[in-house]
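Remember, predicted model here, so these are calculated numbers, not experimental data. Position 1 is the first residue of the sequence; numbering continues from there.
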Amino acid sequence: MNVEDLLRDTVTPRAGSDPAVEERVRREAMAALSRMRRRHRVRRAVSVGAAAAGVAAIAAFFVFAMPRGGDAPAPGSEPPLPVSLLQRPERAVDRLPGDPARYGVGAALGTVRFAVAGDRLRFYAVRPADRDEICIVATTNPGGRPRGAACNTIDTLRRVGALAFLYPDATGRQDVGIIVPDGIDRIVLNGATLTVSGNAAAGTMPLSASPTVTLVGSGAPDITPDAGPDWPRSEVGGAPAVTVPLSRGGQLTNAPTPLDDLRLIAPASAPAGTVVAIRVAAPSGLVDGNVSFGVHATLDRRDGAAWVPSHHLTVTPSADAPAPAVPANTPNYAWVDIGLGGSAPHRVWLPSVAPGTYRIRMTVNGSSEAGTPGFRDLTAEIAITPDPVTPPASADGLIDRTTAEVVAMDSDGARVWRAPAPPEASPPGTAGELTCWLFLGGTDCTGAADLARTGGFAMTYADADGTWRTAVVAAPGATAIRIAGRQRLMVNGVAFASGLSTGRPDVEVVFRGGAVKRLR
């Protein structure tokens, strides 16, 4: 006899009983039976799912352990966790790489389950053993280095619907991992639809995007805030949906990138006298804010088995004009050690050296494998080839190309050349007094007295698309150059600006003592 037959026999009306009372008892008993059958179906589905996962793990030759005793629900109670992925058996893939204490989720870990992998990060769902919380933990993908964690109470996840880990990178986007309760099948993140697998999904979004997601599925109606107005409700593809703010739980903690993981990236080869892009990178491509480096780098030349210092290089952000290299044997050479960081490309200006094998060397500051601060020299080899660039012929033929030298270069590699004006091109009585500058095929020649009187001059040209590019040569004693109201980096008395599409820009030169001269 099964349970249903037993209940029917129990509530069968007996002779002499009140039919109304017997009918009420019968209805209550059948309602209890219905609840029991629903609960039985849920538990049977979880059990079958766990068994299937175990079979799959055995087929793949994984070693797994059954759920820990602390994860099992008490008899007659609802399952203690709102996500099914924490209730399946453990597999080899569920193990956190490295020391779990570095992940910032507490000293005692209960259940750990791999959730989902994104392009750059891998996400785990973790239940700490010492408190009633759920955490989403991020590591590099691949690599397994901890990036941090976000935690919140289990009851809060049931109510707010999403626990997320957001990690920004140097390109202006952020990687997002999200854990949701049961009953959510899809997530709409910044217009993109993510499929939920095992209560988790991963995607990317711009840093400027709205920190909200739309959760779609049968569990959406159960997600409601404690107080205040209800969140927007809708339907997506015929399924109920709710739009909720992303909850990152507590404070986001990012573990530093170990120094041993960092490397310097540079082109395999480049011509002498050109600008090249270099960057500091980790295996995942992510370099967090704990890693920094200065503006100084060294160019070493390989001499047999040894490396010999050749030049000092100045590392500048991509938007700035790089400074020329300085020979390594320059006496009393010093630099202002401005701190830089991130994995975005930076630029250095290679000197005009003999072709050969060289390396770029720079010092980074970060954390050692043990987590303690430290320094490390990073190097990247580069083959320097002959410089094919020669001074362009000026329209008026004033510059003697055999004596021209590069004094400045913008971030796109456009050079400003300087050379003495040949005697035949100088007005009577000014031989040897004029200096000519060449930029993008145009020439401007002036004497020292005129340059001091005017404060400098600007060479501005429009590209074929109407974009203006400007090179400003300032008189000696200038401390700053402002182009279109913005101060620009000055190298050898020259500053650059590009991308100005509103016409010829205003230029001001600032001198010691605060005097300002506006160039005409």
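Scanning for side-chain contact (heavy atoms from CB on, under 4.5 Å) contacts around Ala323 gives Thr314, Val491, with sequence neighbours left out. Annotation: salt bridge (Lys or Arg N to Asp or Glu O under 4.0 Å) contacts of Asp303 (sequence neighbours excluded): none. Looking at residues two or more places apart in sequence or on another chain, you find a ring pair (Phe, Tyr, Trp, His ring centres under 6.0 Å) between Tyr124 and Phe114. Judged as a side-chain hydrogen bond (donor to acceptor under 3.5 Å, both in side chains), and not counting sequence neighbours, the contacts of Thr460 are Thr470. Taking the salt bridge (Lys or Arg N to Asp or Glu O under 4.0 Å) definition, one finds that Asp185 meets it with nothing, sequence neighbours left out. Under the rule for a side-chain contact (heavy atoms from CB on, under 4.5 Å), the partners of Gln487 that lie at least two apart in sequence or sit in another chain are Ala480, Arg482. Scanning for salt bridge (Lys or Arg N to Asp or Glu O under 4.0 Å) contacts around Arg376 gives an empty result, with sequence neighbours left out. Residues that satisfy the salt bridge (Lys or Arg N to Asp or Glu O under 4.0 Å) test with Asp119, not counting sequence neighbours, are absent from this structure. Remark: Pro232 pairs with Thr243 by the side-chain contact (heavy atoms from CB on, under 4.5 Å) rule, at least two apart or across chains. By the ring pair (Phe, Tyr, Trp, His ring centres under 6.0 Å) test, Phe123 pairs with no residue at all, sequence neighbours left out.
Looking at Arg186, its side chain does come within 3.5 Å of a backbone N or O of Val236 through a donor-acceptor pair. Although no hydrogens or angles enter the test, the distance criterion places no donor-acceptor pair under 3.5 Å between the side chain of Asp506 and the main chain of Ala484. Using a distance-only test at 3.5 Å, with no hydrogens or angles considered, a donor-acceptor pair links the side chain of Thr454 to the main chain of Asp450. Judged by distance alone, with hydrogens and angles left aside, the side-chain atoms of Lys517 form no donor-acceptor pair with the main-chain N or O of Phe511 at under 3.5 Å. When atom types are taken as modelled, the side chain of Asn141 and the backbone of Ala117 share no donor-acceptor pair closer than 3.5 angstrom. A donor-acceptor distance shorter than 3.5 angstrom exists from the side chain of Thr479 to the backbone of Val510, with no hydrogens or angles considered.
Closest heavy-atom contact between Arg120 and Asp175: CD-OD1, 3.6 Å. Taking both residues in full, the closest heavy atoms of Cys135 and Ile179 are given as O-CD1, 4.0 Å, listed atom of the first, atom of the second, then distance. Contact between His312 and Pro327 at its shortest, heavy atoms only, is CD2-O, 3.6 Å. Ala202 approaches Val116 most closely through the heavy-atom pair CB-CG1, 3.9 Å. Nearest approach of Ala495 to Met490, heavy atoms of both residues: CB-CA, 4.4 Å. Residues Ile360 and Ala266 approach most closely at CD1-CB, 4.4 Å, considering heavy atoms.
A salt bridge between Glu508 and Arg518 is absent, with no side-chain N of the basic residue lying under 4.0 Å from a carboxylate O of the acidic one.
The stretch residues 195-207 participates, sequence neighbours left out, in these side chain to side chain donor-acceptor pair (under 3.5 Å) pairs: Asp182-Asn199. Sorted by first and then second residue, the pairs that involve residues 291-300 and meet salt bridge (charged side-chain N to carboxylate O under 4.0 Å, His left out), not counting sequence neighbours, are Asp300-Arg359, Asp300-Arg361.
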### Task
Start with the C-alpha distance between Val472 and Leu519, add both sets of side-chain angles, then the distance that settles side chain to side chain contact (heavy atoms under 4.5 Å, CB included), and finish with yes or no.
CA-CA 9 Å; Val472 177; Leu519 304 187; 3.9 Å; yes
### Task
Show the numbers, then the answer: is there a ring-ring contact (aromatic ring centres under 6.0 Å, His included) between Trp307 and Tyr358?
CA-CA 8 Å; Trp307 292 98; Tyr358 293 79; 8.3 Å; no
#### Entry: Chi angles and distances behind the side chain to side chain contact (heavy atoms under 4.5 Å, CB included) call for Val473, Asp444
CA-CA 10 Å; Val473 177; Asp444 200 310; over 6 Å; no
### Message
Could you walk me through whether Phe496 and Arg469 satisfy the side chain to side chain contact (heavy atoms under 4.5 Å, CB included) test, starting with their C-alpha distance in whole Å, then the side-chain angles of each, then the deciding distance to 0.1 Å, before giving a yes or no?
### Response
CA-CA 8 Å; Phe496 296 93; Arg469 301 180 68 183; over 6 Å; no
### Message
One pair to check against side chain to side chain contact (heavy atoms under 4.5 Å, CB included): Leu215 and Val244. What are the steps and the verdict?
### Response
CA-CA 8 Å; Leu215 308 179; Val244 304; 3.9 Å; yes
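Expressed to the nearest 0.5 Å, how far CD1 of Ile382 lies from OG1 of Thr357 amounts to 10.5 Å. Atoms CG and CG, from Leu163 and Asn152 in turn, are 6.0 Å apart once rounded to the nearest 0.5 Å. Leu434 CG to Leu451 CG: the interatomic distance, rounded to the nearest 0.5 Å, is 11.5 Å. The OG1 atom of Thr379 lies 11.5 Å from the CE atom of Met362; values are rounded to the nearest 0.5 Å. For the atom pair CG (Asn492) and CD (Glu405), the distance works out to 8.5 Å, reported to the nearest 0.5 Å. Of the inter-residue distances, the one linking Thr214 atom OG1 with Leu189 atom CG reads 9.5 Å to the nearest 0.5 angstrom.
Aromatic rings of Trp417 and Phe439 (six-membered ring for Trp) have centroids beyond the 6.0 Å cut-off, not under it.
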